[in-house]
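I have placed the structure first, in the form of structure tokens, so that the comments after it can refer back to it.
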Amino acid sequence: MNDTPHFPPATGIGSLPGTDAREAAKAATGSFEDFPHLPELPARGPGADMIGRTAGLLVELYARVELSGWRIGDRPGRDTRRARSWLGEDLDALEEFTQGYEGLLKVQAVGPWTLAAALELKNGEAALSDPGACRDLAASLAEGLRLHLEEVRRRVPGARLVLQLDEPSLTAVLRGQVKTASGYRTHRAVDRQTVEATLRDVVGVHDGGPVVVHSCAPDVPFALLRRAGVAGISFDFSLLTERDDEVIGEAVEGGTRLFAGVVPGTDAPLSDPAGSVMGVRTLWRRLGLRPGLLPEAVTVTPACGLAGATPGYARSAYAHCVRAARSLADNPE
């Protein structure tokens, strides 16, 4: 189980609009002074998208872009080189804006099950179709993440790293809803114990450090993620239903941090900060939880990455997260 730190009140998810690494690093570090994150800029093209970026981290497995998406290949090609080059550029920018920084710093990568659902084998089917390929992919990802975390530690030595695994396809994997290449069928559901064990192995790579799993899909499997050892769960708050009350209550009482995505991920009118967290307060009352626990249990974030937003809205959304978190702390009732 990860040693859970005191998480700050607000942070971003990962992706931002635009193609300028320095501008993105400035926004992520300037907006969240006590919990910045490494930005991702998918607008740069293949290799900067979340699947390509994580494929670039893999050890002894390589992927290239085909018309249908990312496909595992035999050797590193220009797509792998491009992904690694952009990540290097992003790390350079982050290092520049975190000189002397001491505190939590979040880095993101795609988790093993969303990666297995997205990466194709040579036959064009998802790696998800082959249990052996899933195991190899998870092992390669785990080693790649270990090296990536080492590199970030070297560049920002005062930081305590938080690893975020993006798993938007996790529920679809568990339910057998991931489509085959033809689109006419779906891949068989993966056994829950296998899913949990694989996640636990990847979470364990961040030895003693906190891991957060993010999914902006409905029906996030809170209980499974907690058993896999995550310190926090990041989700789109608007997708919660009262069916989730019990698992949310158990998560809070068990010390799992809730990363509540309450600010829209694409351009939308922003209500007053107190209005953005009204649903969180309502949930707390419904669960009968102590209001004073709110700031200790909740980190405010956008609902999802901001790659589809305008740059102006992205900056406003980050500032809004900070103000909404302050409102929650100042007036938890």
Side-chain angles (χ1 to χ4, degrees), residues 2 4-14 32 34-35 104 106 162 164-168 170-171 174-175 210-266 268-306 317-333:
N2 286 292
T4 307
H6 172 69
F7 283 108
T11 191
I13 295 297
F32 304 112
D34 51 0
F35 199 2
L104 292 184
K106 185 164 68 67
V162 176
Q164 176 181 304
L165 297 174
D166 293 322
E167 282 283 16
L170 185 58
T171 301
L174 288 164
R175 292 184 174 172
V211 177
V212 175
V213 168
H214 168 71
S215 171
C216 43
D219 300 320
V220 175
F222 283 87
L224 182 150
L225 291 172
R226 291 182 58 229
R227 287 195 304 271
V230 305
I233 300 172
S234 170
F235 56 96
D236 180 343
F237 190 84
S238 71
L239 298 177
L240 286 186
T241 68
E242 291 196 18
R243 282 201 319 272
D244 298 305
D245 280 7
E246 191 178 336
V247 289
I248 294 275
E250 287 170 358
V252 172
E253 285 169 354
T256 303
R257 185 76 174 191
L258 303 181
F259 284 66
V262 297
V263 177
T266 50
L270 294 173
S271 67
D272 70 293
S276 292
V277 287
M278 192 184 297
V280 181
R281 291 193 183 96
T282 304
L283 170 68
W284 233 244
R285 282 195 293 272
R286 211 164 63 224
L287 294 175
L289 293 167
R290 184 169 56 82
L293 189 63
L294 262 172
E296 296 168 29
V298 175
T299 292
V300 174
T301 71
C304 218
L306 295 171
Y318 274 7
H320 195 82
C321 286
V322 172
R323 288 197 294 269
R326 196 173 298 133
S327 158
L328 210 52
D330 293 347
N331 183 21
E333 297 287 353

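- In this structure, CD on Glu253 lies 8.5 Å from CG on Leu293, to the nearest 0.5 angstrom.
- When every heavy atom of Pro264 is checked against every heavy atom of Leu306, the shortest pair comes out as O-CD2, 4.1 Å.
- Note that CG of Leu294 is 8.0 Å distant from CG of Leu289, once rounded to the nearest 0.5 Å.
- Considering all non-hydrogen atoms of both residues, Gly232 and Thr256 come closest at CA-CG2, 4.0 Å.
- Every residue meeting the side chain to side chain contact (heavy atoms under 4.5 Å, CB included) condition with Pro218, not counting sequence neighbours, appears here in chain and number order: Leu239.
- Residues satisfying the side chain to side chain contact (heavy atoms under 4.5 Å, CB included) criterion with Arg326, sequence neighbours excluded, are Val322, Arg323, Asp330.
- Considering CG of Leu174 and OG1 of Thr171, their distance stands at 6.5 Å, rounded to 0.5 Å.
- Among residues two or more places apart in sequence or in another chain, the salt bridge (Lys or Arg N to Asp or Glu O under 4.0 Å) test is passed with Arg286 by Asp245.
- Considering CD1 of Ile248 and CD of Glu242, their distance stands at 12.0 Å, rounded to 0.5 Å.
- In this structure, the side chain of Thr282 engages the main chain of Met278 through a donor-acceptor pair within 3.5 Å.
- With sequence neighbours excluded, the residues that form a salt bridge (Lys or Arg N to Asp or Glu O under 4.0 Å) with Asp219 are Arg175, Arg243.
- Residue pairs that meet the disulfide bond (SG atoms under 2.5 Å apart) test with at least one member in residues 224-265, sequence neighbours left out, do not exist here.
- The CH2 atom of Trp284 sits 10.0 Å away from the CZ atom of Arg290 when rounded to the nearest 0.5 Å.
- Between Val252 and Val298 there is no side-chain heavy-atom pair separated by less than 4.5 Å.
- Of all heavy-atom pairs between Pro168 and Ala217, the closest is O-CB, 3.5 Å.
- Under the rule for a disulfide bond (SG atoms under 2.5 Å apart), Cys321 has no partner lying at least two apart in sequence or in another chain.
- Atom CZ in Arg226 sits 7.0 Å away from atom CD1 in Ile233 (nearest 0.5 Å).
- Applying the side chain to side chain donor-acceptor pair (under 3.5 Å) criterion to Thr299, with sequence neighbours excluded, gives Arg257.
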request  = Give the C-alpha distance, both sets of side-chain angles, the deciding distance and a yes or no for side-chain contact (heavy atoms from CB on, under 4.5 Å) between Val162 and Val211.
outcome  = CA-CA 6 Å; Val162 176; Val211 177; over 6 Å; no
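- For CD of Glu246, the number of neighbouring non-hydrogen atoms (other residues, nucleotides, ligands) closer than 6.0 Å is 12 at most.
- Considering only heavy atoms from C-beta on, Leu328 stays 4.5 Å or farther from Pro9 through its side chain.
- Legend: residues meeting salt bridge (Lys or Arg N to Asp or Glu O under 4.0 Å) with Asp272, ordered by chain and number and at least two apart, are absent.
- With sequence neighbours excluded, the residues forming a side chain to side chain donor-acceptor pair (under 3.5 Å) with Gln164 are Lys106, Asp166, listed by chain and number.
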inquiry  = Working note: Ser234 + Val212, criterion side-chain contact (heavy atoms from CB on, under 4.5 Å); need CA distance, chi angles, decisive distance, verdict.
reply    = CA-CA 7 Å; Ser234 170; Val212 175; 3.9 Å; yes
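- Residues passing the side chain to side chain donor-acceptor pair (under 3.5 Å) test with Ser327, sequence neighbours excluded: Arg281.
- The ring-ring contact (aromatic ring centres under 6.0 Å, His included) check on Phe237 picks up nothing, with sequence neighbours excluded.
- Shown here are the side chain to side chain donor-acceptor pair (under 3.5 Å) partners of Thr301, two or more places apart in sequence or in another chain: there are none.
- For Phe32 against Thr11, the heavy-atom pair with the smallest separation is CZ-C, 3.4 Å.
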ask   = Under the side-chain contact (heavy atoms from CB on, under 4.5 Å) criterion, do Phe259 and Val300 qualify, and how do the steps go?
value = CA-CA 6 Å; Phe259 284 66; Val300 174; over 6 Å; no
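- Of all heavy-atom pairs between Phe7 and Leu104, the closest is CD2-CD1, 3.8 Å.
- Residues Gly12 and Pro302 share a closest heavy-atom pair of CA-CD, 4.0 Å.
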